[in-house]
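The structure appears below as structure tokens.
Computation of the quantities below employed the complete heavy-atom set of this structure, encompassing side-chain atoms and omitting hydrogens, waters and symmetry-equivalent molecules. The shown structure was predicted, so the numbers you read here are calculated from the model rather than taken from an experiment. Throughout, a chain's letter reflects where its sequence line sits, starting with A, and its residues are numbered from 1.
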Amino acid sequence: MHNDEIAQIFDQLADLLEIDEANPFRVRAYRDAARMLRGLSEEVSDMLERGEDLADLPTIGKDLAGKIQEIVDTGRLQVLEDMKRTVPPGLAELTKLPGFGPKRVKRVYDELGIRTVEAMRKAAEQGELQKLPGFGAKTEAKILSYFQSDRSSDMRTRLFDAEKIAERIVRHLTAIAKPADICVAGSYRRQRETVGDLDVLVASNRTREVMDHFVAFDEVSKVDSKGSTRATVHLRSGMQVDCRVVEKASFGAALVYFTGSKAHNISLRKRGVARGLKINEYGAFKGAKTVAGRTEKEIYAAVGLPFVPPELREDRGEIEAAEKRRLPKIIEISDIRGDLHVHTRASDGRDTIRDMALAAKKRGYAYLAITDHTKHARIAHGLTVKRLEKQIDEIDRLNEELSGVRILKSSEVDILADGSLDLPDATLAKLDLAVCAVHFDFDLSPAKQTERIIRAMDHPAFSILAHPTCRLIGERDPMRVNMERLMDAALERGCFLEVNGQPERLDLNDIHCRMAKERGLKLALSTDAHTIEQLGLMRFSIGQARRGWLERSDVINALNWRELKTLLKRCG
DNA sequence: GCCGTTTTCGGCCCGACTGTTTTCAGTCG
């Protein structure tokens with residue numbers, strides 16, 4: 001039983017309790033627990049096995065500790081099963097409809113017997129909804145238009161795609177505000193792997209004009225709401241964008257508020273309350289007196305904390321760490337000395353070794369590992385042993401010729417079904433490092449998959465496990481592996497795991513980064529670039545690493561080559 | 001249901017916008 005599954009049970013129970021009009025704070029307790037579980041870098045089932053007291057975890061008290069135990073023991077939660085008999089579970093789906101929360105869902109259920117999305121559509125089409133007191137023509141129209149749309153708006157967008165949209169919106173807004181007064185906040189600024197919507201903040205005292213200009217963005221397909229300081233629109237791409245305008249004196253407070261996460265803000269405001277302060281998007285206030293607002297730093301200082309980087313604002317212990325002045329000094333892109341996973345035209349890349357090396361040098365890198373595929377990866381034009389040996393000679397020649405950047409001889413070696421590597425030992429021995437990866441048989445049992453990879457790590461040439469879970473965001477689930485065991489095995493064998501910066505991979509993710517750090521396992525931040533431009537994807541690898549609290553000392557490619565070489569086990 | 005630098009009981013973050021209402025509840029972030 002994984003943390004995610006337990007979290008789902010708690011969320012489901014919270015949904016039903018809410019419709020049943022339970023104590024809202026009780027509902028929140030379940031939601032808080034679910035969120036905490038999703039961010040935990042350790043399986044609670046393992047903690048229970050070791051006899052640890054779950055009530056020591058934040059948001060978990062005696063009661064919830066017992067409920068987690070029950071779920072781990074039996075695979076289900078009795079109160080949820082009971083609740084499902086009181087409230088039809090389908091009602092939870094209905095609260096996701098626009099304009100419908102628990103209260104109104106309960107009313108349409110009680111008064112019209114609606115318990116499914118389909119029934120809701122019928123009722124709207126037949127004009128039944130607006131007959132209910134408190135429900136009008138607009139509510140009905142909103143539901144109908146929701147059903148007519150492609151509903152892609154409730155999809156989350158990959159960070160990379162969100163970035164492109166964000167850049168266009170910012171460009172549009174620069175016609176009415178200075179770049180320094182515009183910031184895309186929200187989960188985008190926190191570098192979450194996917195974003196649900198974009199939150200754009202503008203500092204200006206021409207609030208009306210900014211609002212008018214914002215909704216006139218040519219990609220806007222629908223204006224959902226528009227007030228004097230806040231507007232919500234949908235773009236043709238389906239992306240929802242919120243825009244908020246505040247005065248400069250409130251910009252820092254609004255940035256904190258709009259960057260979130262919600263849970264982080266709640267923790268911050270609670271700290272404020274304990275100090276007699278009210279914190280909102282306009283500032284921090286002691287009675288009628290403003291004590292902070294212009295910068296984020298001021299807001300944190302008002303509650304006795306140092307600045308917390310956006311990537312850490314998930315209420316995963318950052319406030320406690322900040323209080324003790326023990327925030328990690330998280331890694332920055334300028335700390336990176338080289339890229340350890342890139343392809344060339346020899347396999348499925350576009351550019352030459354020379355061009356990739358020169359592009360790496362231009363980025364200020366000291367080294368670059370060329371990691372074309374091995375022969376098993378046929379569709380990626382994997383290199384035969386003969387071609388790889390030729391490439392090794394070419395790299396030797398280029399290293400003679402080029403200065404300022406060292407090209408490392410490497411390969412993205414397929415891990416075969418039985419855990420052996422797709423290159424003979426004699427060839428592996430000629431490489432500076434071996435980046436190894438699974439590219440087929442993703443759906444083995446967790447035990448078999450884990451064994452397969454650990455067997456590969458047993459090979460003395462194995463350096464780095466590339467894209468360890470092989471997930472493709474929104475397309476392919478992560479492989480089921482025992483990540484704790486993989487990490488421990490890597491530590492024992494002097495191997496490393498990768499954080500792959502390809503937009504659809506981001507693998508390892510933030511939680512895994514944190515898990516590795518806590519175990520003392522260092523990671524490689526790589527791009528898996530297939531073109532010189534893709535070397536820039538390092539920023540996404542960095543994003544996940546920062547979210548996972550990684551510091552420079554946790555990252556092997558923040559070392560210079562001489563230092564890195566001593567870490568690679570073949571040289572140890 | 002959790003939690004404690006006012007506390008083991010009585011609190012629990014804060015505000016904008018909409019729709020349908022004549023002053024506010026519900027939803028949303």
>> Applying a 4.0 Å non-hydrogen cut-off, can you work out what A:A137 is touching in the nucleic acid: base, sugar-phosphate, or nothing?
In response: sugar-phosphate

> Any side-chain N or O of A:T139 less than 4.0 Å from the OP1 or OP2 oxygen of B:dT20?
Replying inline: yes

> Looking for any heavy atom pair under 4.0 Å, which part of the strands does A:L17 touch: base, sugar-phosphate only, or nothing?
Replying inline: nothing

>> In whole Å, I'd like the distance from the CG atom of A:L132 to the P atom of B:dG19.
In response: 17 Å

> What integer distance in Å separates A:R107:CZ from B:dT27:P?
Replying inline: 10 Å

>> With a cut-off of less than 4.0 Å, is there a side-chain N or O of A:R28 near OP1 or OP2 of B:dC13?
In response: yes

> Taking the six-membered ring of A:F25, is NZ or CZ of A:R28 closer than 6.0 Å to its centre and within 45° of its axis?
Replying inline: no

> Can you check the A:F135 CZ to B:dA25 C1' distance for me, whole Å?
Replying inline: 12 Å

>> In this structure, how many angstroms lie between the C1' atom of B:dT6 and the CZ atom of A:R271, rounded?
In response: 17 Å

>> Between B:dC2 and B:dT6, how far apart are the two P atoms, rounded to whole Å?
In response: 23 Å

> Does A:K67 place a side-chain N or O at less than 4.0 Å from the phosphate oxygens OP1/OP2 of B:dG1?
Replying inline: yes

> Given B:dC17, B:dG19, B:dA16, which nucleotide is nearest the side-chain atoms of A:S228?
Replying inline: B:dC17

> For the pair made of CZ in A:R244 and C1' in B:dG15, what is the distance, rounded to whole Å?
Replying inline: 7 Å

> Which part of the nucleic acid, if any, lies within reach of A:T229 when heavy atoms closer than 4.0 Å are counted: base, sugar-phosphate only, or nothing?
Replying inline: sugar-phosphate

>> Taking the C1' atom in each of B:dT23 and B:dG19, what is the distance between them to the nearest angstrom?
In response: 13 Å

> Counting only side-chain N and O atoms of A:N280, is one of them less than 4.0 Å from OP1 or OP2 of B:dG15?
Replying inline: yes

>> Please report the distance separating the P of B:dG10 from the corresponding atom of B:dG15, rounded so that it comes out in whole Å.
In response: 26 Å

> Taking NZ, NE, NH1 and NH2 as the nitrogens, is one of them in A:R121 or A:E118 under 4.0 Å from a carboxylate oxygen of the other?
Replying inline: yes

>> If I take atom NZ in residue A:K103 and atom C1' in nucleotide B:dT18, what distance separates them, rounded to the nearest angstrom?
In response: 17 Å

>> What's the closest nucleotide to the side chain of A:D199 if the choices are B:dC14, B:dC12, B:dG29?
In response: B:dG29

> Which value, in whole Å, describes the distance between the P atoms of nucleotides B:dA16 and B:dC9?
Replying inline: 37 Å

> So, the side chain of A:E43 versus the backbone of A:N3: is there a donor-acceptor pair under 3.5 Å, distance only?
Replying inline: yes

>> Students often get this wrong, so: under 4.0 angstrom with heavy atoms, is A:T232 touching a base, only sugar-phosphate, or nothing?
In response: nothing

> Hey, does the side chain of A:K262 come within less than 4.0 Å of B:dG29's phosphate (OP1/OP2), counting only N and O?
Replying inline: no

>> Any side-chain N or O of A:Y257 below 4.0 angstrom from OP1/OP2 of B:dA16?
In response: no

> In Watson-Crick or G-U wobble terms, both distances under 3.5 Å, what is the partner of B:dG19?
Replying inline: B:dC24

>> When the P atoms of B:dT22 and B:dG29 are compared, how many Å lie between them, rounded to an integer?
In response: 27 Å

> With a non-hydrogen cut-off below 4.0 angstrom, is A:V273 in contact with a base, only sugar-phosphate, or nothing?
Replying inline: sugar-phosphate

> What about A:D32, does its side chain sit under 3.5 Å from the base of B:dG1 through a donor-acceptor pair?
Replying inline: no

>> Can you confirm whether A:F540 sits close enough to A:N500 that some side-chain heavy atom of one is under 4.5 Å from a side-chain heavy atom of the other?
In response: no

>> Taking the P atom in each of B:dT27 and B:dT20, what is the distance between them to the nearest angstrom?
In response: 13 Å

>> Between A:P133 and A:R230, which residue's closest nucleotide on DNA chain B lies nearer the 5′ terminus?
In response: A:R230

> Would you call the rings of A:Y300 and A:F307 parallel, tilted or perpendicular, where under 30° means parallel and over 60° means perpendicular?
Replying inline: perpendicular

> Could you state the CG-P distance from A:D56 to B:dC2, rounded to the nearest angstrom?
Replying inline: 13 Å

> What is the distance from OH of A:Y30 to P of B:dC12, rounded to the nearest Å?
Replying inline: 21 Å

> In terms of the nearest nucleotide of DNA chain B, which residue is placed more toward the 5' end: A:L64 or A:D242?
Replying inline: A:L64

> Expressed as a whole number of Å, how far does the C1' atom of B:dT21 sit from that of B:dC14?
Replying inline: 24 Å

> Rounded to the nearest 0.5 Å, how far apart are CG of A:D199 and CZ of A:R244?
Replying inline: 11.0 Å

> Can you tell me if A:Q78 and A:D82 form a side-chain donor-acceptor pair at under 3.5 Å?
Replying inline: yes

> Base, sugar-phosphate, or nothing for A:L268, non-hydrogen atoms under 4.0 angstrom?
Replying inline: nothing

> Are any of A:Q240's side-chain N or O atoms less than 4.0 Å away from OP1 or OP2 of B:dG29?
Replying inline: yes

>> Quick check on B:dT18: is either OP1 or OP2 less than 4.0 Å from any side-chain nitrogen or oxygen of A:K226?
In response: no

>> Would A:R115 pass as a cation-pi partner of A:Y109, given that its NZ or CZ must be under 6.0 Å from the six-membered ring centre and within 45 degrees of the axis?
In response: no

> Between B:dC3 and B:dC13, how far is it from one C1' atom to the other, in whole Å?
Replying inline: 16 Å

